[in-house]
*Asks:* 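The structure's right below; bear with me while I get my questions together.
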Number of protein chains: 4
Amino acid sequence: MRSENQSIGQSVSDADRSFIELARRAQIIDAAVETLAEEGYAKASLARIAQRAGISKGVISYHFAGKEELLERLVEQVYERMGAFMEPRMVAQPDPGERLRAYVESLAAYMREHRVQLAALGQVFHNMRNSEGKLRYGVATSEGLYAFLESIFREGQESGAFRRFDVRVMAVSVQAGIDAMFEYWDVHPEHDLEGHARELAELFAQAVRA
Amino acid sequence: MRSENQSIGQSVSDADRSFIELARRAQIIDAAVETLAEEGYAKASLARIAQRAGISKGVISYHFAGKEELLERLVEQVYERMGAFMEPRMVAQPDPGERLRAYVESLAAYMREHRVQLAALGQVFHNMRNSEGKLRYGVATSEGLYAFLESIFREGQESGAFRRFDVRVMAVSVQAGIDAMFEYWDVHPEHDLEGHARELAELFAQAVRA
Amino acid sequence: MRSENQSIGQSVSDADRSFIELARRAQIIDAAVETLAEEGYAKASLARIAQRAGISKGVISYHFAGKEELLERLVEQVYERMGAFMEPRMVAQPDPGERLRAYVESLAAYMREHRVQLAALGQVFHNMRNSEGKLRYGVATSEGLYAFLESIFREGQESGAFRRFDVRVMAVSVQAGIDAMFEYWDVHPEHDLEGHARELAELFAQAVRA
Amino acid sequence: MRSENQSIGQSVSDADRSFIELARRAQIIDAAVETLAEEGYAKASLARIAQRAGISKGVISYHFAGKEELLERLVEQVYERMGAFMEPRMVAQPDPGERLRAYVESLAAYMREHRVQLAALGQVFHNMRNSEGKLRYGVATSEGLYAFLESIFREGQESGAFRRFDVRVMAVSVQAGIDAMFEYWDVHPEHDLEGHARELAELFAQAVRA
DNA sequence: AATGAATGAGGGTTCATTCAT
DNA sequence: TATGAATGAACCCTCATTCAT
C-alpha cells in the first residue's frame, strides 16, 4: 500500500505509481476540491469527500497517508497547474508594465476556467493548521508570488517607467486585489470577471506610473 | 432563560438585559474573540471558549441561544465598535481624496489597537456557514463598506478630481488592500503597519487621480 | 468538566471531586475492570466498557481525559487497595521467615476476594503501551515489590536464618510464583487457592533456609 | 489456494506443500515473530508483518487462512524447535535432581539464542483469544510442561531424594520462575541470564530436597 | 443565574479480510 | 503465486446541545 510505504520514510513519487493508482488519487483530489469549494473546510470531512467520490471512506486512507497528505497533494496539484498556465504568459512580456497587466489578466483567465480549484485552495490556505495550531499555508506561501511581483516593480523603477514606492506593499496589494476579484466573482457569478481584471490592471498601471 | 425567549420570536434588545447579564455576555464574547484569533475557527469550540473565560460550558448556552448566536453577536459588537471609531474621522474630511486617505489610515490605527478582534472577525467571515452550507457572512456583509467607498469615488469623479473608473472594482480593491495589510501585519508583527497604510493610501491616491 | 481542566495542566485530586463525580468514576473503573478481566485488553474498548456500565460512550470521555487516564487510575486504585490490605499483615510479622509466609498467604487471601481486579491489572500490565510502543507498566513497576522482598531476604541472611543466595533472583521467583498461582486459579476456579499458597510458602521457606 | 482448502476441512500437512510455499510461510512467520517481539501484540497487524517481510499484505492471506492460523503455526513452530533442543538434554539426565537442573539451565541456554521467538510466544500466549473471548493458549497449553515436571518430581519423591510436596504447585512454580527469568532478562539485557538460571536451579534443588 | 452531567453524532484512523487481476 | 485495491467495522476522541438541579 502506497501510503504505508511512506510511513517508513520512503517518499513515493508519482512516477512510481501505477496508472490506476494515479487515477484514483486524482479522483479523490477532485472530490476533495469540489467538497471544499462547495461545503467549506469545516464540512469537508473524509466521509463527505468519499461520498462525493462514490467510494468508501477507507479508500482515501488507502491512497493517502491521512487527510493532511491529501490536502497537501491537492495544494501542490492546483499550484502546479496554475504555474504551468501562467509561466508562458509571463515570459512573453518583456515590458514590466505589460508583465503586470498580463499577470492580472492571465490569472483572471485561469479563474474563469478553474473556479472550484481556486475556491478549494482558498479554503485550505485559510484553515488548514499544523499540529501546533499554526496555519499550514500562511503568508510564507505567498512569498514566491510577492518576490515575482517585486521583481517586476524593481525593473520598472530602475528603467524609470515606475515611480518610487514600497515594492512589498505594492506586491501585497496587487495580490490582494486579485484574490478579492476572485472571491467577488465567486459569490457573484454574473459579475464581469474579465472587465474587473482590465480595470484592476489599469488601476495598478496608474498606481505604479512614474 | 434569555436566549430561549429569542428563539420563540421575541427579540431581546440589550436595553432589556440586566447589567450582570450584559457583563457576562461581554465576557463570553471577549473569550470567543481571543480563542478565534489565537486558535482558529476550527479549534474555537464552546468548551475552549468557556475554559478561556473561566466559566462552565453551560453558561454560554444559557446566555446565547447557541454557538451561532454567539458568533453573530461577536460580529455585531466588533462592527459597532469599529464604526464608532471610524465615523468621526470620516466626517471631518470634506475632500474625497482626503477622505479616502483618512479611511485607510484610520483603519490602520484601529488595527494597531484591536488586532485580536479583527483577527477573530476574519475567522468568522471566512468560515461560519449557515445550515445550508453557505457562508453566513459573505460579500454581502461588505456591501456597506463598498457603498461608502463608492460614494467617495463618485464625489471625486463628479468634481473632476478623480478619473473615470469602475467604482465597484476600485472599492473592492481598496478594501482588499486594507484587509491584506492587516493579515500581513498579523503574521509579521514587526511589519511597519503605519508605513504600510501611508503607502497604501498613496497607491490609491495615484490610482484614482484624474 | 473535570477532564478538560486537566488538559490545561491543573491536576485534580480526588478531594476536589464531588461525590457524584467520584461515584461515576468508580462505576466506570469498575466496568473497565470487569471488561478487562472477562474480555481481555484488546476487546476492552471504551464502547464495551460503557456498555457494561450502562452509560453512553461519551460519559467516559467526560470523566477521564482519555483511555490512558482511565487505565492509569484503575491501576492506581487496585494498587492502593491491595497495599492497604497487605501493609498491616506485613508489619505484624517481625520474623523474616514469617513475613515471607504472610506475604504469600495474604496475597492469596486478597486474590480470593478480588479476582477480577487482579485479572484486570494483569491485562493492563502486559498490554498497555505508551506512544513510543514501550510497555507502560513494565518491570519497573515491580521494582517496589522486589525491593520489599529483598529486604526480607537480607534480614534473614544477616541473622543467619537464611542461606546465601541472590536476593534479586529469589525476589523475582517468589513474585512469579505468586502471579502464577493467581493465573492458575483464575483459569481453574475449583483449584485450592489457599492450599496452593501454603505449599508455595513452604516451597520458599525451604528454598531460603540456611 | 492452500489456506482455503483447509477451511473446508481438508487439512494440509507440510509434506504436501511445495518448497517455495514452505519458504514463504517460514518467511512470514519469521516476520510475525519479529513484529510481535518488538512491537507487541496490539501493533502486530498483518500490514506491519507484511511490511517487515517485504511482501504485500495479501500474500499472508494467501498462505494462511487468516491471522488466527498464522499465529497458531507460529506457536507450533516455536514449540517444535524448543522441544527439539530440549529433548536430548533431558534424556541424558537419569537423576531427577539433575534433570530438573538441566531443564532450567537448558531453557536459559535456549533463551539466550532465541530471545525474539520466546518474546513473540509470550505475546501470543497472553493476548490471543478465540471468537468467544477466551484465551486461545491458556494454562491448558502448559499442561504438557507441568506433566513433564511432575514426572520428575514423582520420581524423586519415590526414590526418597525429594520431600513430599504438591507436585502441581511445584511444577507451576518452576515454570513461572523460568518464565519470569526470561521476562526479566528480556527487559534487562545486561542481566546475567546464566547466573540467574544457576540460582534458580539451586533454589528449586533446595525446595524439593528431602 | 449557573452548573455539572450526559448524550449522540461525527471526526480521522487502523484493521483483517475479500477479490479481481 | 502474488498483488494492489477496496471494504466496512471498530477504534478513540471532540463537539454542540440538552437537562435536572
Side-chain angles (χ1 to χ4, degrees), chain A residues 1-5 7 17-21 23-25 42-50 55-68 70, chain B residues 1-4 18 20-21 23-24 42-50 55-68 70, chain C residues 1-5 7 17-21 23-24 42-50 55-68 70, chain D residues 1-4 18 20-21 24 42-50 55-68 70:
Chain A
M1 190 206 300
R2 288 305 188 174
S3 48
E4 276 182 6
N5 288 342
S7 71
R17 300 182 190 278
S18 71
F19 170 75
I20 198 169
E21 185 179 7
R24 258 283 187 259
R25 285 172 69 97
K43 292 291 207 48
S45 67
L46 292 188
R48 263 188 146 69
I49 294 170
I55 58 178
S56 146
K57 201 171 51 163
V59 183
I60 300 180
S61 295
Y62 176 75
H63 286 284
F64 295 91
K67 193 180 189 181
E68 191 178 350
L70 167 58
Chain B
M1 191 207 297
R2 289 302 191 172
S3 48
E4 271 181 5
S18 73
I20 202 170
E21 186 175 4
R24 261 281 188 258
K43 293 288 207 51
S45 66
L46 291 188
R48 266 183 142 75
I49 293 170
I55 57 175
S56 150
K57 209 168 42 167
V59 185
I60 299 179
S61 298
Y62 178 76
H63 286 284
F64 296 92
K67 194 180 189 181
E68 191 179 353
L70 167 58
Chain C
M1 188 205 301
R2 288 307 186 173
S3 48
E4 277 182 5
N5 288 342
S7 72
R17 299 182 191 279
S18 71
F19 170 75
I20 199 169
E21 185 178 6
R24 259 282 188 258
K43 293 290 206 48
S45 68
L46 292 189
R48 263 189 150 68
I49 293 170
I55 56 177
S56 147
K57 202 172 50 164
V59 183
I60 300 180
S61 296
Y62 176 76
H63 286 284
F64 295 92
K67 193 180 189 181
E68 191 179 351
L70 168 58
Chain D
M1 189 209 297
R2 289 301 193 172
S3 47
E4 272 181 6
S18 73
I20 200 170
E21 186 176 2
R24 260 281 189 255
K43 294 289 207 49
S45 66
L46 291 188
R48 266 183 142 76
I49 293 170
I55 57 175
S56 151
K57 209 168 40 166
V59 185
I60 300 180
S61 298
Y62 178 77
H63 285 285
F64 296 92
K67 194 180 189 181
E68 191 179 352
L70 167 58

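In what follows, chains are A, B, ... by sequence order, proteins preceding strands, each numbered from 1. These numbers come from a predicted model, not from an experiment.
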*Asks:* Between atom CD1 in A:Ile49 and atom P in E:dT13, what is the gap in whole Å?
*Replies:*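 Atom-to-atom, A:Ile49 to E:dT13, this comes out as 11 Å.
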*Asks:* Check whether any side-chain nitrogen or oxygen of A:Arg24 sits under 4.0 Å from OP1 or OP2 of F:dG4, and answer yes or no.
*Replies:*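 Answer is no, no contact under 4.0 Å.
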*Asks:* Restricting to non-hydrogen atoms, name the atom on B:Lys43 and the atom on B:Arg48 that form the minimum distance, rounded to 0.1 Å.
*Replies:*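 B:Lys43 and B:Arg48 have their closest heavy atoms at O-CD, 2.9 Å.
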*Asks:* Specify the separation, in whole Å, of atom CD1 of C:Ile20 and atom C1' of E:dG4.
*Replies:*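 It is 8 Å, rounded to the nearest whole Å.
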*Asks:* Could you spell out the base pairing of DNA chain F as a dot-bracket line? Use Watson-Crick and G-U wobble contacts where both distances are under 3.5 Å, [ ] for crossing pairs, | for partners on a different strand.
*Replies:* .||||||||||||||||||||
*Asks:* Mind checking what makes side chain to side chain contact (heavy atoms under 4.5 Å, CB included) contact with A:Ser56, not counting sequence neighbours?
*Replies:*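 Partners of A:Ser56 by the side chain to side chain contact (heavy atoms under 4.5 Å, CB included) criterion, ordered by chain and then number, come out as A:Val59.
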*Asks:* Verify the contact: side-chain N or O of A:His63 to OP1 or OP2 of F:dG4, cut-off strictly under 4.0 Å; return yes or no.
*Replies:*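 Result: no.
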*Asks:* From C-beta outward on A:Glu21, which listed nucleotide comes closest to its side chain: E:dA5, F:dA5, F:dT3?
*Replies:*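 When the side chain of A:Glu21 is considered, F:dA5 is the closest of E:dA5, F:dA5, F:dT3.
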*Asks:* Round to a whole Å and report the spacing from CZ of A:Phe64 to P of F:dG4.
*Replies:*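 Whole-Å distance recorded here is 17 Å.
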*Asks:* Go along nucleotides 16-21 of chain F 5' to 3' and tag each nucleotide: B for a protein heavy atom under 4.0 Å from its base, S when only backbone or sugar atoms are that close, - otherwise.
*Replies:* BBB---
*Asks:* Taking only residues two or more places apart in sequence, or in another chain, which ones meet C:Ala23 in a side chain to side chain contact (heavy atoms under 4.5 Å, CB included)?
*Replies:*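 Applying side chain to side chain contact (heavy atoms under 4.5 Å, CB included) to C:Ala23 gives none.
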*Asks:* Using heavy-atom distances to pick each residue's nearest nucleotide on DNA chain F, tell me which of C:Ala42 and A:Ser56 is more 5'.
*Replies:*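 So the residue in question is A:Ser56.
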*Asks:* D:Arg24: what forms a salt bridge (Lys or Arg N to Asp or Glu O under 4.0 Å) with it, not counting sequence neighbours?
*Replies:*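 Expected list: none.
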*Asks:* Once you round it to whole Å, what is the distance between P of F:dC13 and CG of C:Leu70?
*Replies:*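 Whole-Å distance recorded here is 10 Å.
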*Asks:* Rounded to whole Å, how long is the line connecting atom CZ of B:Arg48 with atom P of F:dT14?
*Replies:*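 These atoms are roughly 9 Å apart.
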*Asks:* Check C:Ile60 against C:Leu46 and note the closest heavy-atom contact, atom names and distance.
*Replies:*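 Looks like CD1-O, 3.6 Å.
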*Asks:* For B:Lys67 and B:Ser45, work out which heavy atoms get closest and say how close.
*Replies:*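 So the two residues come closest at NZ-CA, 4.1 Å.
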*Asks:* Assuming nearest nucleotide by heavy-atom distance, tell me which of D:Val59 and A:Ile55 is located more 5' along DNA chain F.
*Replies:*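 Closest to the 5' end, via its nearest nucleotide, is D:Val59.
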*Asks:* OP1 or OP2 of E:dA1 versus the side-chain N and O atoms of B:Tyr62: is any pair under 4.0 Å?
*Replies:*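 Looking at the OP1 and OP2 atoms of E:dA1, one of them is under 4.0 Å from a side-chain N or O of B:Tyr62.
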*Asks:* Could you tell me how far apart C:Lys43 (NZ) and E:dC15 (P) are, to the nearest whole angstrom?
*Replies:*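 Rounded to the whole Å, the gap is 17 Å.
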